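Working notes, structure below.
Bear in mind that the values here come from a model prediction, so they are computed numbers and not experimental data. Protein chains get the first letters and strands the later ones, always in sequence-line order, with residue 1 at the start of each.
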Amino acid sequence: MALKMVKGSIDRMFDKNLQDLVRGIRNHKEDEAKYISQCIDEIKQELKQDNIAVKANAVCKLTYLQMLGYDISWAAFNIIEVMSASKFTFKRIGYLAASQCFHEGTDVIMLTTNQIRKDLSSPSQYDTGVALTGLSCFVTPDLARDLANDIMTLMSHTKPYIRKKAVLIMYKVFLKYPESLRPAFPRLKEKLEDPDPGVQSAAVNVICELARRNPKNYLSLAPLFFKLMTSSTNNWVLIKIIKLFGALTPLEPRLGKKLIEPLTNLIHSTSAMSLLYECVNTVIAVLISLSSGMPNHSASIQLCVQKLRILIEDSDQNLKYLGLLAMSKILRTHPKSVQSHKDLILQCLDDKDESIRLRALDLLYGMVSKKNLMEIVKRLMTHVDKAEGTTYRDELLTKIIDICSQSNYQYITNFEWYISILVELTRLEGTRHGHLIAAQMLDVAIRVKAIRKFAVSQMSMLLDSAHLVASSTQRNGICEVLYAAAWICGEFSEHLQEPHQTLEAMLRPKVTTLPGHIQAVYVQNVVKLYASILQQQEQAAEPEAAQEVTQLMVERLPQFVQSADLEVQERASCILQLVKHVQKLQGKGVPVAEEVSALFAGELNPVAPKAQKKVPVPEGLDLDAWINEPPSDSESEDEKPKAIFHDEEQRQARHRQPEVDEEELARRREARKQEQANNPFYIKSSPSPQKAPVTAALLSQRYQDAPGVEHIPVVQIDLSVPLKVPGMPMSDQYVKLEEERRHRQRLEKDKKKRRKKKEKEKDKKGKHRRHSSLPTESDEDIAPAQQVDIVTEEMPENALPSDEDDKDPNDPYRALDIDLDKPLADSEKLPIQKHRNAETPKSPEKEDVPVVEKKSKKPKKKEKKHKEKEREKEKKEEKEKKEELAVNAVTAPDNTCEGLRREEAEDENDEAEQDPERKSSRHKKKKHKKEKEERTKDKKKVKKKQPEPEEEAAGPVENGAAEEEPAPPMSSYCLLAENSYIKMTYDIQASLQKDSQVTVSVILENQSSSFLKNMELNVLDSLNAKMARPEGSSVHDGVPVPFQLPPGVSNEAQFVFTIQSIIMAQKLKGTLSFIAKDADGATHEKLDFRLHFSCSSYLVTTPCYSDAFAKLLESGDLSMSSIKVDGISMSFQNLLAKICFHHHFSVVERVDSCASMYSRSIQGHHVCLLVKKGEHSVSVDGKCSDSTLLSNLLEEMKATLAQC
Amino acid sequence: MIQAILVFNNHGKPRLVRFYQRFPEEIQQQIVRETFHLVLKRDDNICNFLEGGSLIGGSDYKLIYRHYATLYFVFCVDSSESELGILDLIQVFVETLDKCFENVCELDLIFHMDKVHYILQEVVMGGMVLETNMNEIVAQMEAQNRLEKSEGGLSAAPARAVSAVKNMNLPEIPRNINIGDLNIKVPNLSQFV
């Protein structure tokens, strides 16, 4: 053994430290991975040693390797070991490693709770600091819950260094454990006015983060922030506050008005650019929130724009960037004031800096109008040509499309121009956005009927030159446009000039190299094209030509039939068979064209993207009900359910829209014929397309016409636009043409004006105006080149208006949407973890435990006792001193006085902050009396619902569904003694942290009209139980009660007792002596009592997981005993609640009328119960590490149950 | 909130990687690489902001970086942080490093990654700005260093001596490590706080 130790320390000398490791890695450049794996082996060896310094060194090296991308989570346990080292040097290393590699999924993280708690309460501020820093990186919901109270205490630490860290980490705690927000908020708010600027800044930081997510809850803080803004000189704080105001103003315009002036002053006075910029930003937010109609704010806008222009013109690229960013915010509400700086923004498009160009692009989006759209897009197109990086070019491409398509193509006056732009964009190499272009082509072609002819001609050209677009499949993306092109040419084939040529282009062998989904569209549309060619040729009475086309189809289609893509293959083989059949018929001289084209008859209407979602569920339709009988288990489960589901779906679809009857169809067909007859783009001589048979219900729905389709105006094309422009880049031509056209229009208009036909003109325009978006004034002068009808996307009838579409239910910040102004309820107190903390018998929460526990029990007291709360604070200080004394007397004496005093101060603060409303109520006692009573009642209600809220919050197992039925109100306080002067009730609380101590809380209630003072409580100590007395007093002295009682008042005093053995219940005799003073004089009075320490009072509610419970039972070192009680009428739920409440158990598991429960004594005895309820009886089987304790406990339980 | 702080050199070698949101190690490396390629392309005289969208956390996030001699300091922040403020914070951080290491150079960061982390912990905690006053940060660092020294440090003196002897006997340890000890020049920027 000794040898091993020596060897260990010699090894230790030859260990690599971090520097050696780094050096080694640098020297093994060529076989780095091998070297590192060697090092990891060494580290694993080092971690096995007992020496903590060796471990720490190893963990330090691991942290470095983590940075290089090595997973070090396997060493999590060793990291925890190093974290718990006593030396700061090692601790720091451990926490650093933990902060780098721990996360919610790290399973050993729950082992850290006690260690962290210990470090948080360490007398060294750096131990605390390092723990806080580490925790901030890996806090989990469990850690947050268990440590929230400790951290909250630290927020009032004497050292600002700890305070600021504690304040900051609270934000993380809130995120993980939202319940802590309300109890902690008052103190957080107080920290806004902390004397230390660092702490103040941290508090501002946290509140700003909170308010950013849920601003409305923080409006009430606005005055406080306003004060800070006008008084603070710390730019960091100012920036945060000003940013916060930016988030608050949209909710409260009045605030905005107040802000304008101080912000403007700051803008004028500050020299810090960052502050200036944030001020401008917030002023903008204010202006947005105020309605733009306010004339007196135009000066502010002017000021902002002016300042921003200065920023944009600055040589510092950062300022330029931010200026543009802010400008885009103004643009949204005050486009006019930005548009005057168009020159500047266009200039930025040429900037060498991509970020700036992107920002400028964003701005352009909002600056276009009908007037300048073509010009701006032209400019962008030249940038597209020049752009070197694909990312920027792609960005340009999307921006062009965004700009043009915004608000339903509001600014496009000439769609031919737009189609040409789209076609030009297809020549971009290597773009990822082919699908975007394709979508635009489809959208425009479908929705703008007037443009179809032109679109089809362009698309056929595109198909013709498909080899250019799709020459290499590497140019992924752009071939997507062929998808659109093929579909448009097929669907609107009647507009094709040379359909035959297009058909051939689509059947080229090269097509088979395209992606499958595009080929599929090709195949489908080839048939559409084929149908229309057949029709044309039959009408022209050219049967040979028709047969030739069929022959072509039969020859070329097999190449698709061989496709590896299933979709293509399937479609192709269907169609091939169809065509072969047609060929046969043609051979017999049967006219087939009509029937073939009937396959594709009807119009397609665009459907709004959310239409499907918005279909209301018809009344009486239960989507969850089975349509068929659910399949029985014996049936094969693989296939049957699928079929059923499919069936169901179809039925639903049919159900959704009523079937169109023959009559309605006929009417529509008539209407369409009428429309087509008027439409120059429909080939008039062709017979009207026939509807597919009605039996295909789904199909008929698809082809349904939009209601009111007959009202679509006659489309006329301005003949000044060439109908066909050969395939070269030509969007530029349109710009020129457009200018001419506009000029002409203006002349014409002037003429008309002179003729005073203005009214008529307006009428006409109104009729053709697009459904959405009102054009701006200047735009109204420009009539579109084609009078187009942009078909609205279809929505189902009585679609549900739903704004909740965009809300993300998984937003982590939603949990923090908590009303902070409501007074704090007792049930919201932070849970205090009661795990055994053997290593820290002196941790500060020890003092907290009895205090808070008592508080949470308050609602159980009689209502009239509410007044004691007011007194409580007065006695607080003394009481705590007493407790401190008790601690000093009983536990190890090495605790420094300083630490304790600090904690004491904290506790006072703690109390004061947690109950702000209580504090105030002290001043206005009478006034609030009624209110208070009500509140107490409320609290009682809460209590009724949750018999053990504290335990529920802390324990992993909830006490079943406690809300199911109200449990009777329970109070653990029982009568101690009573005479004409005074009534005493008491309760005993144990705490796991002091293994032989219990706290007795005694409520003293003055029942007389005398004033009671000099109260002193004395107990005759037994061998086993002793009362803790102030230092220096003998065992015969009493303990003074730290308050006096005016008539009718009650208050609570706490006394600490030390117990040697807890396996037996015992009684202590005692006396309360006091002086009763009334008008007649003072008398000395006495009241004797017997204090009963039941065994249950030594138990502490301790949560236990079922697996740990099972292990405990299996371990076999527990003795067993059981009882049975008859004649029980109470529900099982309430029964359990009662056991939990009176005997401090927690439910581990509950199954029907059987439950396992667990508790633990202050000296560490495990007590396990199995409670079973029969018809009118309850049996309790217990197992415990001490048989005497168990039998005593069960006796007590029997007494309790007998009352049920 | 600050989402991540990355320091890497002109060749993309990470010198400090600090994420305030959990990413698996390989993703972390990937993010470092991508970020490096993004900033590498940029000249020194263009703006220090980058919309890092696809990298971390979506469009609300920005990359804000500064380039000092051989090192890039990159902060990924969301919209609650002031852009210019973060630029100043980077400056504060680097100046603090300069003070703590006395003329900081890349080598200091390479061999004392742990110390750099400790300094950073005094500036940013859990993704939120903790302290911007350099004197305060330096004072806290010195106090902690003193504490560490009083405990004897990680490797006590005897071990050092042995390792020195050990090193002498190993001829393959190169005499010169070929990294220029280029000092990070800390330019005098207008003070923010």
Side-chain angles (χ1 to χ4, degrees), chain A residues 12-14 17-20 22-23 26-27 53 56-57 60 63-64 66-71 87-89 92-93 96 103-104 126 132-133 136-137 161 164-165 168-169 171-172 198 202 205-206 208-209 212 234-236 239 243 272-274 277-278 317-318 320-322 352-353 355-356 358, chain B residues 1 14-18 20 22 24-26 28-29 41-43 45-51 80 82-85 87-88 110-114 117-118 121 125-133 136 140 143-144 147-148 151-156 158-159 162-163 166 172-174 177 192-193:
Chain A
R12 151 108 191 82
M13 287 178 190
F14 289 97
N17 62 14
L18 174 63
Q19 281 73 35
D20 298 328
V22 176
R23 212 167 283 133
R26 293 166 68 82
N27 290 334
N57 183 44
C60 185
T63 314
Y64 183 83
Q66 195 271 345
M67 182 182 77
L68 297 183
Y70 289 84
D71 178 23
K87 279 190 179 180
F88 170 74
T89 316
R92 184 155 75 158
I93 291 170
L96 174 63
H103 52 93
E104 276 184 32
Y126 292 112
L132 283 172
T133 308
S136 72
C137 294
Y161 179 74
K164 69 183 178 192
K165 287 194 170 193
L168 267 195
I169 202 179
Y171 178 65
K172 295 279 176 157
N205 213 335
V206 171
C208 287
E209 276 300 329
R212 198 164 74 93
N234 181 341
N235 280 354
W236 273 98
I239 286 177
K243 265 184 167 290
M273 272 303 184
S274 45
Y277 172 68
E278 296 304 338
Q317 296 282 322
N318 292 330
K320 187 178 284 217
Y321 172 88
L322 294 175
K352 57 187 180 299
D353 187 345
S355 302
I356 287 179
L358 289 176
Chain B
M1 289 275 283
R15 296 301 177 215
L16 179 98
V17 177
R18 171 78 270 192
Y20 293 104
R22 170 68 193 167
E25 274 75 11
E26 61 267 35
Q28 291 188 1
Q29 293 299 310
K41 283 190 291 200
R42 299 172 66 86
D43 292 339
N45 56 355
I46 61 177
C47 82
N48 299 74
F49 312 120
L50 251 167
E51 267 128 288
S80 74
S82 152
E83 291 87 348
L84 294 171
L87 277 180
D88 283 325
I110 294 172
F111 285 105
H112 303 283
M113 181 209 68
D114 47 346
H117 265 296
Y118 300 143
Q121 283 177 354
M125 184 176 127
M128 286 188 284
V129 180
L130 179 66
E131 184 61 67
T132 52
N133 182 343
E136 169 73 14
Q140 296 297 352
Q144 291 179 48
L147 181 58
E148 190 175 309
E151 288 177 348
L154 177 57
S155 40
V162 172
S163 115
K166 185 182 76 178
E172 70 267 19
I173 296 243
I177 295 156
F192 169 62
V193 182

Distance (rounded to the nearest 0.5 Å) between [X] [atom1] and [Y] [atom2]:
X	Y	atom1	atom2	value
B/His117	A/Tyr64	NE2	OH	11.0 Å
B/Leu84	A/Ile239	CG	CD1	7.5 Å
A/Tyr70	B/Glu26	OH	CD	13.0 Å
A/Asn318	B/Cys47	CG	SG	5.5 Å
B/Met128	A/Asn205	CE	CG	6.0 Å

- With respect to chain B, which residue among A/Ile356, A/Asp71, A/Val206 yields the maximal number of heavy-atom pairs within a distance under 4.5 Å? A/Asp71
- Under 4.5 Å, counting heavy-atom pairs only, tell me which of A/Leu132, A/Ile169, A/Leu322 racks up the most with chain B. A/Leu322
- Quick one: side chain to side chain donor-acceptor pair (under 3.5 Å) partners of A/Thr63, sequence neighbours excluded? none
- Check the pair A/Thr133 / B/Tyr118 against side chain to side chain contact (heavy atoms under 4.5 Å, CB included), numbers first and verdict last. CA-CA 10 Å; A/Thr133 308; B/Tyr118 300 143; over 6 Å; no
- Message: Under a plain distance cut-off of 3.5 Å, with no hydrogens placed, do B/Glu83 and A/Tyr321 share a side-chain donor-acceptor pair?
- Response: no
- Query: Under 3.5 Å, is there a donor-acceptor pair linking the side chains of B/Glu151 and A/Thr89?
  - Reply: yes
- Relative to chain B, which segment of A/Phe88 carries a heavy atom at a distance below 4.5 Å: side chain, backbone, both, or neither? both
- Message: Is A/Leu358 close to chain B through its backbone or its side chain, or both, or neither, when contacts mean heavy atoms under 4.5 Å?
- Response: neither
Is there side-chain contact between [X] and [Y], with heavy atoms separated by less than 4.5 Å?
X	Y	answer
B/Glu148	A/Lys87	no
B/Asn48	A/Gln317	no
B/Phe111	A/Leu18	no
B/Gln140	A/Tyr161	yes
B/Met125	A/Cys137	no
A/Val22	B/Met113	no
B/Ser82	A/Lys243	yes
B/Gln121	A/Leu96	yes

- Least distance between heavy atoms, B/Ser80 atom then A/Arg212 atom: CB-NE, 3.1 Å
- Run the salt-bridge test on B/Glu131 and A/Lys165 with the 4.0 Å N-O cut-off and return the result as yes or no. no
- Does B/Asp114 come within less than 4.0 Å of A/Arg92, counting only side-chain N to carboxylate O? no
Select one option (side chain, backbone, both, neither) describing which atoms of [X] are under 4.5 Å from chain A's heavy atoms.
X	answer
B/Arg42	side chain
B/Asp43	neither
B/Glu136	side chain
B/Gln28	side chain

- Message: Tell me whether A/Lys172 contacts the main-chain N or O of B/Gly126 through its side chain, where contact means a donor paired with an acceptor under 3.5 Å.
- Response: yes
- Looking at residues at least two apart in the chain, or sitting in another chain, which of them share a side-chain contact (heavy atoms from CB on, under 4.5 Å) with A/Glu104? A/Thr140, A/Pro141, A/Lys176
- Task: Would you please test B/Asn45 and A/Lys352 for side chain to side chain contact (heavy atoms under 4.5 Å, CB included) and show each step?
- Result: CA-CA 10 Å; B/Asn45 56 355; A/Lys352 57 187 180 299; 3.8 Å; yes
